[in-house]
Amino acid sequence: MAGQHFLSQRLCGLSIALLALQCLCVLCKPTGRDAAGSILAQSSRIVPEYVTRHAPLVWLHSEDPFRPADLLQHIRHTTPAINQTRISNLPELGLDNLALLNDVGGGKIALTSNDDVTTLPAWLYGSNPDDSGRIANATPCVVILVEHNARDVDAFFFYFYSYDRGANITQVLEPLNRLIEDTEHGMHFGDHVGDWEHNMVRFRDEKPIGIWYSQHVSGAAYDWDHKALSMKDERPLVFSAYGSHANYASPGDHIHDSALIDYCNSGRLWDPVLSAYFYHLDPATFELTHLFQSQSNTSTASNLTSFFYYTGLWGDAQYPDSDPRQKTVPHFGLKRFVSGPQGPIVKQLVRKKLSPDHPGKKSWMQWAVGIFMALYPCCLRGWRAWVSASVVITLVILAVFGIMVGVKFAMKRFRARRGYTKLDTDVPLSDMNGSGESPGLHSPS
């Protein structure tokens with residue numbers, strides 16, 4: 001019996017050892033993705049299927065006249081300029097050579113409209129998608145895959161528009177809308193030529209785990225299973241705001257910068273990946289490589305990557321106050337026309353979180369408006385303003401009184417410790433020698 005028990009123990013131990021070895025082999029065996037290596041391992045450089053399967057679908061606002069625009073056509077309707085002075089003796093610019101502008105010295109390069117933008121030339125309006133969601137004869141989307149490692153890939157979906165129309169008085173919340181004089185009959189402020197917006201979808205092991213929506217200088221991040229997201233065939237829906245093209249996860253009115261309203265609705269559906277350029281970005285070297293959606297279009301001779309490295313503005317620089325087109329909003333200093341944006345290269349493509357690691361900075365005016373609008377509903381609206389003012393005045397008076405009492409008490413203690421104490425009665429001169437005699441000269445005895 002003892003021998004059988006010993007043999008049973010040996011067999012059990014051997015089985016455990018074999019099972020552990022088998023598990024170790026499974027863990028050490030590379031997965032299909034590891035074996036395949038990088039997205040660039042295939043000579044054909046095909047976009048992974050999971051990227052397009054989970055790509056966002058964009059609802060354009062029904063009344064927004066400024067639709068997605070072709071990148072190349074935008075470049076050809078502009079001329080590079082520095083400080084409002086156009087640069088001459090340049091070759092014809094396109095997606096293949098735009099970065100040569102980085103070597104032109106003298107200031108910030110701006111792709112400046114060849115037309116007076118106040119006339120709203122036709123090319124600023126972009127193109128409408130058809131019923132299938134495709135925009136024909138235009139490429140207004142750039143998809144950049146940032147491959148961190150064999151498991152983690154961030155897919156950036158950039159949407160380009162030739163014009164951004166900012167808010168007007170109807171998009172300003174109370175009570176700040178009362179401070180804006182509508183002298184220009186509905187003038188919008190914050191308009192600019194060129195507009196880049198984007199979503200970022202994060203993949204782990206080829207499955208989406210989160211998404212980022214760009215919104216003005218900030219945005220919003222969601223886990224993939226967040227209840228706020230709407231999906232269609234495993235693709236997240238994006239609602240592009242009227243004029244500004246900020247991206248939101250739901251239709252309706254959205255507040256940004258504490259006091260402005262963005263309008264979103266289900267106007268016309270756009271499928272960006274049906275008319276897009278695809279790229280792979282190495283996060284270590286920042287080298288961009290052109291990718292292809294299918295084997296049929298891999299024969300293109302151009303790499304089409306130079307535009308990515310262009311660091312200048314994709315629209316006019318802000319017009320000076322002396323320009324008759326420029327207007328200023330009273331009290332707030334907001335301009336009718338501001339500078340166009342920089343391109344995808346500055347959008348923090350290599351990031352740890354879904355949101356950018358370094359959020360945009362707010363001006364002192366934005367901070368002041370934010371504080372005011374946070375206090376307005378509870379403390380500064382209607383009769384509440386008088387109550388709040390009374391409370392503040394009372395607190396100020398009490399604070400001043402408290403400071404005065406504290407200073408007086410502190411000075412008294414200081415004199416008591418460091419100064420001389422004044423006696424209530426004078427010491428008679430006759431008592432100063434201690435003998436009771438009157439002071440005077442004494443003859444020697």
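Note that this is a predicted model, so its numbers are computed, not measured.
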Tell me whether [X] contacts the main-chain N or O of [Y] through its side chain, where contact means a donor paired with an acceptor under 3.5 Å.
{"X": "Arg268", "Y": "Pro129", "answer": "yes"}
{"X": "His74", "Y": "Asp70", "answer": "no"}
{"X": "Asn168", "Y": "Thr170", "answer": "yes"}
{"X": "Asp96", "Y": "Leu304", "answer": "yes"}
{"X": "Gln326", "Y": "Pro320", "answer": "no"}
{"X": "Asp257", "Y": "Leu260", "answer": "no"}
{"X": "Arg134", "Y": "Leu274", "answer": "yes"}
{"X": "Gln84", "Y": "Gln318", "answer": "yes"}
{"X": "Asp130", "Y": "Ser132", "answer": "yes"}
{"X": "Ser355", "Y": "Lys353", "answer": "no"}

Separation of [Y] [atom2] from [X] [atom1] (nearest 0.5 Å):
{"X": "Lys335", "Y": "Phe189", "atom1": "NZ", "atom2": "CZ", "answer": "13.0 Å"}
{"X": "Leu40", "Y": "Leu291", "atom1": "CG", "atom2": "CG", "answer": "6.5 Å"}
{"X": "Tyr263", "Y": "Asp253", "atom1": "OH", "atom2": "CG", "answer": "6.0 Å"}
{"X": "Ile211", "Y": "Leu354", "atom1": "CD1", "atom2": "CG", "answer": "9.0 Å"}
{"X": "Leu398", "Y": "Ile403", "atom1": "CG", "atom2": "CD1", "answer": "11.0 Å"}
{"X": "Leu57", "Y": "Met231", "atom1": "CG", "atom2": "CE", "answer": "10.5 Å"}

Please step through side-chain contact (heavy atoms from CB on, under 4.5 Å) for the pair Leu98 and Ile75, ending with a clear verdict. CA-CA 9 Å; Leu98 194 64; Ile75 293 172; 4.0 Å; yes
Using side-chain hydrogen bond (donor to acceptor under 3.5 Å, both in side chains), reason through Thr311 and Gln342 one step at a time and then give a plain yes or no. CA-CA 6 Å; Thr311 57; Gln342 292 178 271; 5.3 Å; no
Compare every heavy atom of [Y] with every heavy atom of [X], then report the nearest pair and how far apart it is.
{"X": "Phe66", "Y": "Tyr161", "result": "O-CD2, 3.8 Å"}
{"X": "Pro236", "Y": "His54", "result": "CD-O, 3.4 Å"}
{"X": "Asn114", "Y": "Thr79", "result": "OD1-OG1, 2.6 Å"}
{"X": "Arg351", "Y": "Asp357", "result": "CA-OD2, 3.3 Å"}
{"X": "Ser306", "Y": "Ala99", "result": "OG-N, 2.9 Å"}
{"X": "Asp195", "Y": "Asp164", "result": "OD2-OD2, 3.2 Å"}

Between the side chains of [X] and [Y], is a donor N or O closer than 3.5 angstrom to an acceptor N or O?
{"X": "Glu197", "Y": "Ser240", "answer": "no"}
{"X": "Tyr159", "Y": "Asn199", "answer": "yes"}
{"X": "His280", "Y": "Thr289", "answer": "no"}
{"X": "Thr85", "Y": "Asn83", "answer": "no"}
{"X": "Asp316", "Y": "Ser113", "answer": "no"}
{"X": "Gln348", "Y": "His358", "answer": "no"}

So Asp131 and Leu269, side-chain contact (heavy atoms from CB on, under 4.5 Å) or not? Walk me through it. CA-CA 8 Å; Asp131 292 340; Leu269 190 63; over 6 Å; no
What do you reckon, are the aromatic ring centroids of [X] and [Y] less than 6.0 Å apart?
{"X": "Tyr279", "Y": "Phe308", "answer": "no"}
{"X": "Trp314", "Y": "Phe160", "answer": "yes"}
{"X": "Tyr319", "Y": "Phe337", "answer": "yes"}

Checking Leu100 against Tyr310 for the side-chain contact (heavy atoms from CB on, under 4.5 Å) test, could you report, in this order, the C-alpha distance in whole Å, the side-chain angles of both residues, the deciding distance, and whether it holds? CA-CA 8 Å; Leu100 66 82; Tyr310 167 62; over 6 Å; no
Does some side-chain heavy atom of [Y] sit less than 4.5 Å from a side-chain heavy atom of [X]?
{"X": "Met200", "Y": "Val146", "answer": "no"}
{"X": "Leu71", "Y": "Thr139", "answer": "no"}
{"X": "Pro344", "Y": "His198", "answer": "no"}
{"X": "Leu72", "Y": "Phe307", "answer": "no"}
{"X": "Asn128", "Y": "Ile135", "answer": "no"}
{"X": "Tyr277", "Y": "Val143", "answer": "no"}
{"X": "Ile144", "Y": "Leu288", "answer": "yes"}
{"X": "Leu375", "Y": "Ile371", "answer": "yes"}

Do [X] and [Y] sit within salt-bridge range, that is, some charged N less than 4.0 Å from a carboxylate O?
{"X": "Arg165", "Y": "Asp191", "result": "no"}
{"X": "Asp323", "Y": "Arg325", "result": "yes"}
{"X": "Arg151", "Y": "Glu206", "result": "no"}

Under 3.5 Å donor-acceptor pairs involving side-chain atoms of residues 120-127, not counting sequence neighbours:
| residue | atom | partner | partner atom | Å |
| --- | --- | --- | --- | --- |
| Trp123 | NE1 | Asp115 | OD2 | 2.8 |

Where at least one partner belongs to residues 222-239, residue pairs that pass side chain to side chain donor-acceptor pair (under 3.5 Å), sequence neighbours excluded: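 As it turns out, the side chain to side chain donor-acceptor pair (under 3.5 Å) pairs with a partner in residues 222-239, which skip direct neighbours, are Arg235-Asp271.
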Determine whether more than 12 heavy atoms belonging to other residues, nucleotides or ligands lie under 6.0 Å from atom CD of Glu287.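 No, not enclosed.
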What's the verdict on side-chain contact (heavy atoms from CB on, under 4.5 Å) for Ile39 and Val47, showing C-alpha distance, side-chain angles and the deciding distance? CA-CA 8 Å; Ile39 294 173; Val47 177; over 6 Å; no
Applying the side chain to side chain contact (heavy atoms under 4.5 Å, CB included) criterion to His188, which one of Arg336, Lys327, Gln171 satisfies it?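 One option only clears the test, and that one is Gln171.
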Given Asp262, which of His245, His254, His61, His216 fulfils the side chain to side chain donor-acceptor pair (under 3.5 Å) condition?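 Filter result, single survivor: His216.
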